[in-house]
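Okay, structure first, notes after.
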Amino acid sequence: QVQLVESGGGLVQAGGSLRLSCAASARTFSIYAMGWFRQAPGKEREFVAAIKWTAGWITYADSVKGRFTASRDNSKNTVYLQMNSLKPEDTAVYHCAAKRSVAMSTRSEEYDYWGQGTQVTVSS
């Protein structure tokens, strides 16, 4: 079992930045990739970014490409999402997720473990 804990959310003005963290508990050897997803009120959960746990392969949603950067620190069992040039439409609860099966994916149903989420609110 892998437990994930997100942190770093908050309230920021448009154009500002936040960095989200996601700390994974033990058994990280079973993780193939980590994903970031977000869900705004009344909307479906959407993919934001995914990063391979043991190497630098990263993919982003078009809506955040060039503004968000995913990274990882394996020594700390932690992944990060640096969010710059934030927009009001980025407002959502952000979740990190871990995937065991060997394939990168943007589909939330293919992720096995989920964190509780952290709220990001961007004011205009």
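Just the heavy atoms: all of them, side chains too, but no hydrogens, waters or symmetry mates, feed the values below.
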Kindly give the heavy-atom pair with the smallest separation between [X] and [Y], and that separation in Å.
X: Cys22; Y: Leu4; result: SG-CB, 3.9 Å
X: Arg38; Y: Ser63; result: NH2-OG, 3.6 Å
X: Ala70; Y: Ile58; result: O-CD1, 3.3 Å
X: Ala40; Y: Ala92; result: N-CB, 3.8 Å
X: Ser124; Y: Ala14; result: CA-CB, 4.4 Å
X: Leu86; Y: Arg67; result: CA-NH1, 3.9 Å

Partner set under side-chain contact (heavy atoms from CB on, under 4.5 Å) for Val120, not counting sequence neighbours
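Val120: side-chain contact (heavy atoms from CB on, under 4.5 Å) contacts with Leu18, Leu20, Met83, Tyr94, Val122.
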
Measure the [atom1]-[atom2] distance between [X] and [Y] for me, rounded to the nearest 0.5 Å.
X: Arg19; Y: Ser71; atom1: CZ; atom2: OG; answer: 7.0 Å
X: Gln119; Y: Thr91; atom1: CD; atom2: OG1; answer: 7.0 Å
X: Tyr113; Y: Arg100; atom1: OH; atom2: CZ; answer: 4.0 Å
X: Thr78; Y: Met34; atom1: OG1; atom2: CE; answer: 9.0 Å

Would the distance check show the side chain of Arg72 and the main-chain N or O of Trp53 forming a donor-acceptor pair, the cut-off being under 3.5 Å?
yes

Would you confirm whether Glu6, through its side chain, and Gly117, through its main-chain N or O, come within 3.5 Å as a donor-acceptor pair?
yes

Check ring pair (Phe, Tyr, Trp, His ring centres under 6.0 Å) between Tyr80 and all other residues, then give those that pass, not counting sequence neighbours.
none

By ring pair (Phe, Tyr, Trp, His ring centres under 6.0 Å) - contacts of Phe37 (at least two apart)
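Scan of Phe37 (ring pair (Phe, Tyr, Trp, His ring centres under 6.0 Å), adjacent residues dropped) gives Phe47, Tyr111, Trp114.
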
Could you identify which residues cluster with Trp57, counting Ile, Leu, Val, Met, Phe, Trp and Tyr as linked when any side-chain heavy atoms lie under 4.5 Å apart, either directly or through a chain of such contacts?
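Traced through the cluster, Trp57 reaches Tyr32, Val102, Met104.
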
Got a sec: does the NZ of Lys65 have more than 12 other heavy atoms crowding it under 6.0 Å?
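More than 12 within 6.0 Å, yes.
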
Side chain to side chain donor-acceptor pair (under 3.5 Å) with Glu109: which residues, sequence neighbours excluded?
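Glu109 satisfies side chain to side chain donor-acceptor pair (under 3.5 Å) with Arg107 only.
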
Residue set satisfying side chain to side chain donor-acceptor pair (under 3.5 Å) with Lys99, at least two apart, ordered chain then number -> Ser101

Is there side-chain contact between Phe68 and Asp90, with heavy atoms separated by less than 4.5 Å?
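Phe68 reaches Asp90 side chain to side chain.
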
Heavy atoms, side chains only, cut-off 4.5 Å: are Val5 and Gln3 in contact?
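Not in contact.
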
